[in-house]
> 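The structure is given below, and queries will be raised subsequently.
Throughout, a chain's letter reflects where its sequence line sits, starting with A, and its residues are numbered from 1. If you're wondering where the values come from, they're calculated on a predicted model, not measured in any experiment. Note that these values count all heavy atoms, side chains included, but never hydrogens, waters or copies made by symmetry.
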There are 2 protein chains.
Amino acid sequence: MKITSRFTVAVHTLLVIYIFGKECKTTSDFIAASVQVNPVVIRRTLLSLKAAGMIDVKAGSGGASIIKDLKDITLYDVYKAVDAVENSNGGIFHFHENPNPHCPVGRNIHSVLDSHLADAQTAMENELKKITLYQLVAELNENL
Amino acid sequence: MKITSRFTVAVHTLLVIYIFGKECKTTSDFIAASVQVNPVVIRRTLLSLKAAGMIDVKAGSGGASIIKDLKDITLYDVYKAVDAVENSNGGIFHFHENPNPHCPVGRNIHSVLDSHLADAQTAMENELKKITLYQLVAELNENL
DNA sequence: TATAGCTGTAATTAAAAAGATTACAACAAG
DNA sequence: CTTGTTGTAATCTTTTTAATTACAGCTATA
């Protein structure tokens with residue numbers, strides 16, 4: 001089980017909008033062609049990014065544009081925007097669901113493990129906070 | 001998608017073996033009753049832990065016992081033992097599979113993102129290295 | 001040495017999760 | 001008013017994961 005590809009798709013999407021936004025109309029179809037997923041997947045991604053205040057999407061006429069400084073968008077922001085890990089659901093670790101409450105270990109396994117797993121997840125997320133899209137664009141340009 | 005429950009099951013399993021190992025014969029059925037999963041799941045877990053040199057399993061007569069100092073077993077060791085994240089498969093992040101090689105963004109998205117995602121995963125794993133099973137047992141005893 | 005209780009392991013089934021796809025109403029611009 | 005696009009629901013399909021069934025082989029013990 002993994003962190004949903006919505007995350008990498010969203011990063012890819014933002015980069016395409018940024019790189020091509022001036023020359024082309026970056027529609028869901030256009031972006032979908034670069035990411036190679038169904039355009040509906042991109043539309044849903046665009047909705048999330050819009051809700052997070054990162055982009056503007058023109059209904060009807062089409063096309064998306066970035067409305068936030070790339071220096072102020074970290075990978076973590078994107079990760080959160082697309083809800084890459086439903087935290088309603090306990091995070092990135094899949095816990096076995098029904099430990100036996102009549103067993104002293106089963107009864108306490110959650111209270112013993114949960115905080116450590118949460119710490120591990122937080123460490124990962126903090127790493128994502130260190131990288132901005134501005135950096136990614138710079139790295140991308142090196143490779144062009 | 002998440003990190004497989006094999007991991008939390010394995011931690012649970014080790015704790016049960018440690019706590020009950022002196023009074024009971026900790027068979028796969030016994031452990032399965034605490035974890036509340038199918039005994040076969042426990043047997044597979046035991047095989048992984050045995051291969052990692054953490055436990056000894058008696059074929060035939062039954063029962064498992066810990067053969068490594070709990071201070072020398074970290075959560076990371078267990079995580080690795082059960083192959084919680086197949087690293088053949090690129091780690092905990094699910095990357096969209098077919099970025100378009102004819103697009104400059106699609107062609108380079110991997111080279112730009114991969115190392116940052118790997119760093120994030122490593123940060124998470126390093127956090128798991130900080131916690132030993134010895135600590136968990138101590139925390140468990142506080143709750144008994 | 002017969003047997004009872006386990007482990008080791010393959011094969012299959014079932015369930016859950018995630019993404020892909022289809023479909024279509026609403027909208028904006030020419 | 002037509003064309004191209006977004007917003008969004010509904011429905012497959014695929015993939016992944018765990019559960020289950022089944023049984024051969026081992027080991028202690030009677």
> Has Thr132(B) got a side-chain atom pairing as donor or acceptor with Gln135(B)'s backbone, closer than 3.5 angstrom?
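Indeed, once roles are kept as given, a pair shorter than 3.5 Å links the two residues.
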> Do we see a donor-acceptor contact under 3.5 Å between the side chains of His96(B) and Thr8(A)?
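Note: His96(B) and Thr8(A) side chains meet the donor-acceptor criterion.
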> Looking across every strand, which nucleic acid part, if any, lies under 4.0 Å from Leu47(B) by heavy atom: base, sugar-phosphate, or nothing?
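Sugar-phosphate: the residue Leu47(B), judged by heavy atoms under 4.0 Å, touches backbone atoms but no base.
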> Could you state the atom-to-atom distance from CG of Asp29(B) to P of dT7(C) in whole Å?
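These atoms are roughly 7 Å apart.
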> Output a table of nitrogen or oxygen pairs between the protein and nucleotides 28-30 of chain C separated by less than 3.5 Å.
none

> dT15(D) P sits how many Å from Phe95(B) CZ, rounded?
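After rounding, the reported distance stands at 19 Å.
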> Tell me the interatomic distance from Ile92(A), atom CD1, to dT16(D), atom C1', rounded to whole angstroms.
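One finds 18 Å between C1' of dT16(D) and CD1 of Ile92(A), rounded.
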> From CG of Leu49(A) over to P of dG7(D), roughly how many Å is that when rounded to an integer?
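Value for this atom pair: 11 Å.
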> Starting at atom CD1 of Ile42(B), determine the distance to atom P of dG5(C), rounded to an integer number of angstrom.
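Checked: the CD1 to P distance equals 21 Å.
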> Do any side-chain nitrogens or oxygens of Lys50(B) fall under 4.0 Å of OP1 or OP2 in dG8(C)?
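Yes, within the criterion.
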> One pair to check against side-chain hydrogen bond (donor to acceptor under 3.5 Å, both in side chains): Ser65(B) and Asp56(B). What are the steps and the verdict?
CA-CA 5 Å; Ser65(B) 53; Asp56(B) 185 48; 4.5 Å; no
> State whether the side chain of Glu127(A) and the backbone N or O of Ala123(B) hold a donor-acceptor pair below 3.5 Å, judged by distance alone.
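Pair absent, no side-chain N/O of Glu127(A) close to backbone of Ala123(B).
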> Do the side chains of Leu75(A) and Tyr79(A) get nearer than 4.5 Å, heavy atoms only?
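No, their side chains stay 4.5 Å or more apart.
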> Shared ILVMFWY cluster between Tyr134(A) and Val78(A), side chains joined below 4.5 angstrom?
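Tyr134(A) clusters together with Val78(A).
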> Does some side-chain heavy atom of Phe30(B) sit less than 4.5 Å from a side-chain heavy atom of Lys25(B)?
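No. Closest side-chain heavy atoms not under 4.5 Å.
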> Produce the list of close N/O pairs, under 3.5 Å, pairing protein atoms with atoms of nucleotides 18-22 of chain D; give distances to one decimal.
| residue | atom | partner | partner atom | Å |
| --- | --- | --- | --- | --- |
| dA18(D) | OP1 | Thr4(B) | OG1 | 2.7 |
| dA18(D) | OP1 | Ser5(B) | N | 3.0 |
| dA18(D) | OP1 | Ser5(B) | OG | 2.9 |
| dA18(D) | OP2 | Thr4(B) | OG1 | 3.1 |
| dT20(D) | OP2 | Asn38(B) | ND2 | 3.4 |
| dT20(D) | O4 | Arg44(B) | NH2 | 3.4 |

> Please enumerate all residues that pass side-chain contact (heavy atoms from CB on, under 4.5 Å) together with Ala51(B), with sequence neighbours excluded.
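For Ala51(B) there are no side-chain contact (heavy atoms from CB on, under 4.5 Å) partners, ignoring immediate neighbours.
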> Ignoring backbone atoms, establish whether Thr27(B) has a side-chain N or O less than 4.0 Å from OP1 or OP2 of dC6(C).
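No, because none of the side-chain N or O atoms of Thr27(B) sits under 4.0 Å from OP1 or OP2 of dC6(C).
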> Can you tell me the distance, in whole Å, between the NZ atom of Lys25(B) and the P atom of dG5(C)?
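Value for this atom pair: 10 Å.
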> For a 4.5 angstrom cut-off between non-hydrogen side-chain atoms, does Met54(B) reach Ile66(B)?
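The answer is no; the side chains never approach within 4.5 Å.
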> Please give, in whole Å, the distance from dT7(C) C1' to Asp56(B) CG?
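After rounding, the reported distance stands at 12 Å.
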